[in-house]
Each structure stands twice: as structure tokens, then as C-alpha cells.
Asker: 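First, the structure itself, so that you have it in front of you.
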Amino acid sequence: MIAPETIMRVAELMAKAERAAVLTGAGVSAESGVPTFRGKHGFWKDEDVMKLATLQGFLADPKKVWEWYDWRRGQLAEVEPNPGHHALAQWERMVTGRGASYSLITQNIDGLHELAGSKTILELHGNLWYARCLKGCCAELKHIPDTPLPEYPPPCPWCDSILRPHVVWFGEQLDPTVIEESFNVSGAADLMLVVGTSAQVYPAAGLPYITSRAGGKVVEINLEPTELSYTADFALHGKSGEILPQLLEKVRELVG
Ligand code: OAD
């Protein structure tokens, strides 16, 4: 149970943020039924990361890797954004509605923020609903809404190669434009909410420290304490699908 004064103090920061930022991880989608990566029921407990989430693993067995991603896409096709996603989209509308800036940086590849109505989204790790040419024959992304796919691996529609999921695998660089914009947003933010991430995978995990060092406030919302809890101005422990709507309700009361 979070003290009502704490909810009020965070809501006050949210109500007056001029440059609002949000960083989300798998935890924000947990209440939609999407498994997280670490922990008791996480993906990386039962699956071999090196076989499924590296370029080497894909090159060794593209069919198997595509089947795994398609299975995840199939799971996602069944789920919906939860009250946490919706509260963030509502906060964005409030912030931008009064002329302030808002950016949501996500490590998630599930597309649920967009479905909930969030507009300014920086997807650090890609998006499961898109694929691109393995050889990089062009910069095009192919939207692949159907699941299951008719064939594994899907052929590249632009050349004789195959498509790969548009996600960042271990050992790969993040899209330089997306990470640069994320650094800029984090450095400029006067408030960053960090929601549902174990804060272990860099460079995403470093973003709240950039905000903090630049003088912005950092609020962590997570089921449990993380490394970031020591630095955060507020660490709220509980489900994001419950805490975020509670905060939004207070923000609404404050702004009238
Ligand atoms: P993790 O699985 O590492 O962490 C999920 C976090 O969410 C944990 O700290 C949980 O305590 C928290 N959590 C779970 N349920 C929650 C809830 N209902 N409300 C609030 N918090 C909750 O996921 P990420 O931090 O997103 O990268 O992992 C980062 C990256 O590691 C992923 O993007 C992925 C993975 O390897 C790639 O695939 C490139």
C-alpha cells in the first residue's frame, strides 16, 4: 500500500511536468498477460537466449527462431492494453494538451502502448509486428500482422533473401536515431516515470540516470525494488496497472 502523501507528491510532479518522459519495460505489459523476461516465469528462464535472440542463433536455424517469434506474436494477438498502458496514454494527452512535451521510451516490442493510444513512442528494441530484410537490401519495414505466418522463414519481398524480425538481438546495436533521441529526451526531462523494468539491460537502464544527473526527477514504478530504487526520487512498489491509474486520478483532481 503506497502512502496517499506519496501518490499526491508524484501526482503534483506529473501535473506540472514541462518535459515529461516515460521509460517502460516488460512489467507494464505483465497485467495484459505478456510474460516478462526475468524472474520465476520469465522467458529467459526456459528459453536459450543465445539460440533465439542472437543473429548467430537466427542464422543457425531461421525457421526455429521465426516459429518462436510467431508463437509470441500469436500470444500478443490475444491480449489487450491494460489500465497502466491506458493511464500513460491519458497522461500524454494531458501533458501535450497544455503545450508541454512528452515522450515514451519503451523496451517492449509488443506494440501495446500504440494500441492504447500513446503517440510519441521511441521503440528501443524494435517491434514484433514488423520484419526487415536479413541482408538489408533496403530500409523498408514489412508490417506482418498475420499470425501464424504461411511460411518460415518468410521471403524478402524486395530481393532473394529472407526476412528477419525487426527486433534488437543480443550483441546488436540499437537504431542510432532512436537511441540518440532517447538520450536527448532523458537529458531534457524534468520528470521521468520508469515503469516495469528490471533496469538491467543497457543502454535503456542508463536513461533514468541521465535524467537524474541533469536535475530531473525520477519516479520508479515496479513490483519490487531494483538497482534504480536507490537513485529514484520516489520508488513506488506495486502493480503498474493499479498505481498508474491511481496517479492519473490525482493528476486530474489537481488540474481540475
Ligand atoms: P524484465 O523481465 O527484466 O523485468 C520486468 C520488470 O517488471 C521486473 O523488474 C518486475 O519486477 C517488473 N514487473 C513485473 N510485473 C509488474 C507489474 N505488474 N507492475 C510493475 N512492474 C512489474 O524486463 P525488462 O526490464 O523489460 O530485451 O527487460 C529489458 C530487456 O531484456 C527486454 O527488452 C529484452 C530483455 O532481454 C531484448 O529482447 C533486446
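Counting starts at 1 for both ligands and their atoms, following the listed order. Start at 1 with the first residue, then count along the sequence.
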Asker: Given Leu228, Val195, Val168, identify the one with the heavy atom nearest to atom 38 (O) of ligand 1.
Answerer: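 Going through Leu228, Val195, Val168 one by one, Val168 has the nearest heavy atom to atom 38 (O) of ligand 1.
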Asker: Could you point out which residue of Leu23, Asn222, Asn108, Val22 forms a side-chain contact (heavy atoms from CB on, under 4.5 Å) with Val28?
Answerer: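 It is Asn108, the one option of Leu23, Asn222, Asn108, Val22 that forms the side-chain contact (heavy atoms from CB on, under 4.5 Å) with Val28.
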Asker: Taking N or O atoms only and a 3.5 Å limit, does Lys239 qualify as a polar contact for ligand 1?
Answerer: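 No; the residue has no nitrogen or oxygen that sits under 3.5 Å from a nitrogen or oxygen of the ligand.
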Asker: Give yes or no for whether the N/O distance cutoff of 3.5 Å, strictly under, is met between Phe37 and ligand 1.
Answerer: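 Yes; at least one N/O pair falls below 3.5 Å.
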Asker: Testing the 3.5 Å rule here: is there a donor-acceptor pair between the side chains of His125 and Thr106?
Answerer: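 No, because no side-chain N or O of His125 sits under 3.5 Å from a partner of the opposite role on Thr106.
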Asker: Show the atoms of ligand 1 that are less than 4.0 angstrom away from any heavy atom in Glu31.
Answerer: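 That gives atoms 17 (C), 18 (N), 19 (N) of ligand 1.
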Asker: Going by the atom numbers of ligand 1, which of them fall below 4.0 Å from some non-hydrogen atom of His125?
Answerer: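 So the atoms of ligand 1 that pass are 27 (O), 32 (C), 33 (O), 37 (C), 39 (C).
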Asker: Looking only at heavy atoms, which two atoms of Ser161 and Lys135 are closest? And how far apart?
Answerer: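 In this case the closest contact between Ser161 and Lys135 is OG-CG, 3.6 Å.
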Asker: Run the contact test for Gln200 against ligand 1 with a 4.0 Å cut-off on heavy atoms, strictly below, and give the result.
Answerer: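 No, Gln200 has no heavy atoms under 4.0 Å from ligand 1.
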Asker: Enter the distance from Leu76:CG to Leu112:CG here, rounded to the nearest 0.5 Å.
Answerer: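 Spacing of CG (Leu76) from CG (Leu112) equals 6.0 Å.
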Asker: Identify which of Ala199, Gly126, Ala26 has a heavy atom lying nearest to atom 23 (O) of ligand 1.
Answerer: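 Shortest heavy-atom distance from atom 23 (O) of ligand 1: Ala26.
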Asker: Does a donor on one side chain sit under 3.5 Å from an acceptor on the other, for Glu220 and Thr226?
Answerer: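 Result is yes, a qualifying pair exists.
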Asker: Let me confirm one number: the CD1-CG distance from Ile221 to Leu247, rounded to the nearest 0.5 Å.
Answerer: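 The distance works out to 5.5 Å.
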Asker: Please assess Ser101 against Glu18 for the test side chain to side chain donor-acceptor pair (under 3.5 Å), listing each intermediate value before the final yes or no.
Answerer: CA-CA 6 Å; Ser101 77; Glu18 280 302 317; over 6 Å; no
Asker: Can you check side chain to side chain donor-acceptor pair (under 3.5 Å) on Thr24 and His113, steps first, answer last?
Answerer: CA-CA 10 Å; Thr24 65; His113 286 301; 2.9 Å; yes
Asker: Holding to side-chain contact (heavy atoms from CB on, under 4.5 Å), I want the full list of residues that pass it with Glu249, two or more places apart in sequence or in another chain.
Answerer: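 Scan of Glu249 (side-chain contact (heavy atoms from CB on, under 4.5 Å), adjacent residues dropped) gives Glu253.
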Asker: Is the closest heavy atom of Gly238 to ligand 1 under 4.0 Å?
Answerer: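 Yes, Gly238 has a heavy atom closer than 4.0 Å to ligand 1.
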Asker: What part of Ala30, side chain from CB on, backbone N/CA/C/O, both or neither, has a heavy atom under 4.0 Å from ligand 1?
Answerer: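 For Ala30, only side-chain atoms sit under 4.0 Å from ligand 1.
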Asker: Near Val201, which atoms of ligand 1 are under 4.0 Å from a heavy atom of that residue?
Answerer: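 Those atoms are 29 (C), 30 (C), 31 (O).
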Asker: Quick one, Tyr130 and Pro165 - any side-chain contact, counting heavy atoms below 4.5 Å?
Answerer: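 No. Closest side-chain heavy atoms not under 4.5 Å.
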Asker: Is there at least one pair of N or O atoms, one from Ser198 and one from ligand 1, spaced under 3.5 Å apart?
Answerer: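 There is such a contact, yes.
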Asker: Should Gly25 be counted as touching ligand 1, given the test is an N or O pair under 3.5 Å?
Answerer: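 No, no N or O pair falls under 3.5 Å.
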Asker: Can you confirm, on distance only, whether ligand 1 has an N/O atom lying under 3.5 Å from any N/O atom belonging to Gly196?
Answerer: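 It does: an N or O of Gly196 is found under 3.5 Å from an N or O of ligand 1.
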Asker: Less than 3.5 Å between some nitrogen or oxygen of Asn222 and one of ligand 1, yes or no?
Answerer: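 Between Asn222 and ligand 1 (N or O atoms, distance only) the closest approach is under 3.5 Å.
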Asker: Please list, in number order, the atoms of ligand 1 under 4.0 Å from a heavy atom of Glu224.
Answerer: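 Those qualifying, in numeric order: 11 (O).
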Asker: Is the closest heavy-atom distance from Trp169 to ligand 1 below 4.0 Å?
Answerer: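 Outside the 4.0 Å threshold, so no.
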